[in-house]
Amino acid sequence: MSAAYRLLFRHVLSKMDPERAHAFASGVIRALGRRGPAALISPFGAPAESLAVEAMGLRFASPFGLAAGFDKDAEDIDGLAALGFGHVEVGTVTPRPQPGNPGPRLFRLVADGALINRMGFNNRGAELAAANIAARRNRSVIVGVNIGKNKTTEADDAHLDYAAAATAVKDVADYLVVNVSSPNTPGLRSLQSLESLTPILRAARDAAPGVPLLVKIAPDLDDDEIREVTQLAIDEGLAGIIAANTTISRTGLRTSARVVEAFGAGGLSGRPLTERSREVLRIVRETSGDRLCIISVGGVTDAVEVRRRLDAGATLVQGYTEFLYSGPTWAASINRGLARFAR
């Protein structure tokens, strides 16, 4: 964290409601991308040529990218690319717009470098996201689209929502991610069972032929369930797995139990997920061999951790929560660190 951002976070951002602070940061990044200053930032944030990665038939400028959740409506892609992210995963988008869960719904655990969120797939719909992706200036940054079902859609009809969302974005998405692992939509995680997940994967795949398809899994699955979903991904011809989403666990936190309990339900992200995310990565890679692209996410803090994930078998790595705590130079600093390791 730079000294300037540390002061900004301590005296301004940390005193704002977390969702309002997120909207403020998003607006600044969007302005950078749309109004020209991004051209001044890009040389600083641009990854070294040596970091380029080929995966899923795509060329990623860096193995490090931004996880879904920050840019829900695909409005900030140009600014985020200028800050150094090798890919930007937008969403989660649903077929129809929805407001998400009532607030407050985003909480900081500063002592843990973590967040709790129960946003509930708040977004303005897949069609708007597709239009925003199509309108971006930077055509080289890889854009993934994370898709989900609307809250009002019954579980038995979930495959129809995933197909509809995939259809809406298929012409602009470099890859698609089926999100059945968020804890913030009632009943969603039950769709990770093989019986429920199989028709969803098939529907999304058939709706967007030729677009690489991945599935994002929860760290709260037990090890055998992780192996089963991994094998299903292989059997259904998916391009890969994103491991893993936020957790419902609250173990090992520094923040007092009273405060955590007051925050309530939601998915925990950030540094407390580091160990479990590494373990999920190991299981998926051992099960899949070299047959899947694995994007490792959860508790990623710096270039050392990104390098550790890559060495453990990750094809690509994503982060999000640490972006809030480390500030706008975070991705660029990780790229510089990875380049030093390569040398």
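Keep in mind that this is a model prediction, so the values were computed, not measured.
- Here the side chain of N150 pairs no donor or acceptor atom with the backbone of T152 at under 3.5 angstrom.
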Exercise for the section: Apply the test side chain to side chain donor-acceptor pair (under 3.5 Å) to residues S140 and N138: give CA-CA distance (whole Å), side-chain angles for both, the deciding distance (0.1 Å), then the verdict. Expected result: CA-CA 6 Å; S140 62; N138 188 323; 2.8 Å; yes
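- A donor-acceptor pair under 3.5 Å is formed between the side chain of Q98 and the backbone N or O of F121.
- The ring pair (Phe, Tyr, Trp, His ring centres under 6.0 Å) search around H159 returns none, not counting sequence neighbours.
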Practice task
Give the intermediate values and the outcome of side chain to side chain contact (heavy atoms under 4.5 Å, CB included) for residues I77 and V143.
Solution key: CA-CA 8 Å; I77 296 170; V143 178; 4.0 Å; yes
Handout entry: Test log, rule side chain to side chain contact (heavy atoms under 4.5 Å, CB included), inputs I242 and E89
Key = CA-CA 11 Å; I242 299 186; E89 189 172 309; 3.2 Å; yes
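- Remark: R276 engages D223 in a salt bridge, criterion side-chain N to carboxylate O under 4.0 Å.
- For CD of E127, the number of neighbouring non-hydrogen atoms (other residues, nucleotides, ligands) closer than 6.0 Å is 12 at most.
- Within 6.0 Å of CZ on F24 lie no more than 12 heavy atoms contributed by other residues, nucleotides or ligands.
- In this structure, R108 fails the cation-pi test against Y325, since its NZ or CZ atom is not both closer than 6.0 Å to the six-membered ring centre and inside 45 degrees of the ring normal.
- Between A74 and N132, the closest heavy-atom pair is O-CB, 3.0 Å.
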Practice task
In sequence, state the C-alpha distance, the side-chain angles, and the governing distance for D71 and S26, and then conclude on side chain to side chain contact (heavy atoms under 4.5 Å, CB included).
Solution key: CA-CA 8 Å; D71 189 7; S26 178; 5.5 Å; no
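- Other residues, nucleotides and ligands contribute over 12 non-hydrogen atoms within 6.0 Å of the CZ atom of R139.
- Counting only N and O atoms by type, the side chains of S182 and T185 include no donor and acceptor under 3.5 Å apart.
- Crowding of R291 atom CZ: a count of heavy atoms from other residues, nucleotides or ligands under 6.0 Å exceeding 12.
- Smallest separation of non-hydrogen atoms from C293 and M56: CB-CG, 3.8 Å.
- No salt bridge links R136 with D78; every basic N to acidic carboxylate O contact stays at or beyond 4.0 Å.
- A salt bridge links R308 with E305: the closest approach of a Lys/Arg side-chain nitrogen to an acidic carboxylate oxygen falls below 4.0 angstrom.
- A salt bridge links R282 to E279: at least one charged side-chain nitrogen sits closer than 4.0 Å to a carboxylate oxygen.
- Residue D222 qualifies as enclosed at atom CG: its count of foreign heavy atoms under 6.0 Å is above 12.
- Applying the 4.5 Å side-chain rule to ILVMFWY residues, one finds F107, L109, I116, L253, V260, F263, L268, L273 in the same cluster as V259.
- For Y320 and F85, the ring centers are positioned 6.0 Å apart or more.
- For the side chain to side chain contact (heavy atoms under 4.5 Å, CB included) test with K149, the passing option among T92, N179, I200, L191 is L191; the others fail.
- Heavy atoms from other residues, nucleotides or ligands lying under 6.0 Å from CD of E154 number 12 at most.
- For S62 (side chain) and G86 (main-chain N/O), no donor-acceptor pair under 3.5 Å exists by modelled atom type.
- Taking the six-membered ring where the residue is Trp, the centroids of H87 and F64 are separated by 6.0 Å or more.
- Ion pair E75/R124 flagged as a salt bridge, since at least one NZ, NE, NH1 or NH2 atom sits closer than 4.0 Å to an Asp/Glu carboxylate oxygen.
- The heavy-atom pair separating T255 from A111 by the smallest distance is OG1-CB, 4.1 Å.
- T274 approaches G299 most closely through the heavy-atom pair OG1-O, 2.8 Å.
- Residues A203 and A163 share a closest heavy-atom pair of O-CB, 3.9 Å.
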Exercise for the section: Could you please spell out the steps behind the side chain to side chain donor-acceptor pair (under 3.5 Å) verdict for T321 and S269? Expected result: CA-CA 7 Å; T321 300; S269 63; 2.6 Å; yes
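- Put simply, the residue from V300, V306, V304 that forms a side chain to side chain contact (heavy atoms under 4.5 Å, CB included) with D302 is V304.
- Distance alone, capped at 3.5 Å, places no donor-acceptor pair between the N146 side chain and the V90 backbone.
- Remark: the S249 side chain and the T247 side chain contain no N/O donor-acceptor pair separated by less than 3.5 Å.
- Annotation: R59, atom CZ; neighbour count of heavy atoms from other residues, nucleotides and ligands within 6.0 Å is above 12.
- Residue D156 qualifies as open at atom CG: its count of foreign heavy atoms under 6.0 Å is 12 or below.
- With respect to the salt-bridge test (charged N to carboxylate O, under 4.0 angstrom), the residues D220 and R189 qualify.
- Under 4.0 Å is where a charged nitrogen must lie from a carboxylate oxygen, and between R202 and D206 no such pair does.
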Problem - side chain to side chain contact (heavy atoms under 4.5 Å, CB included) between K216 and V178, intermediate numbers included - result: CA-CA 6 Å; K216 188 168 187 175; V178 166; over 6 Å; no
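- With respect to the salt-bridge test (charged N to carboxylate O, under 4.0 angstrom), the residues R271 and E322 qualify.
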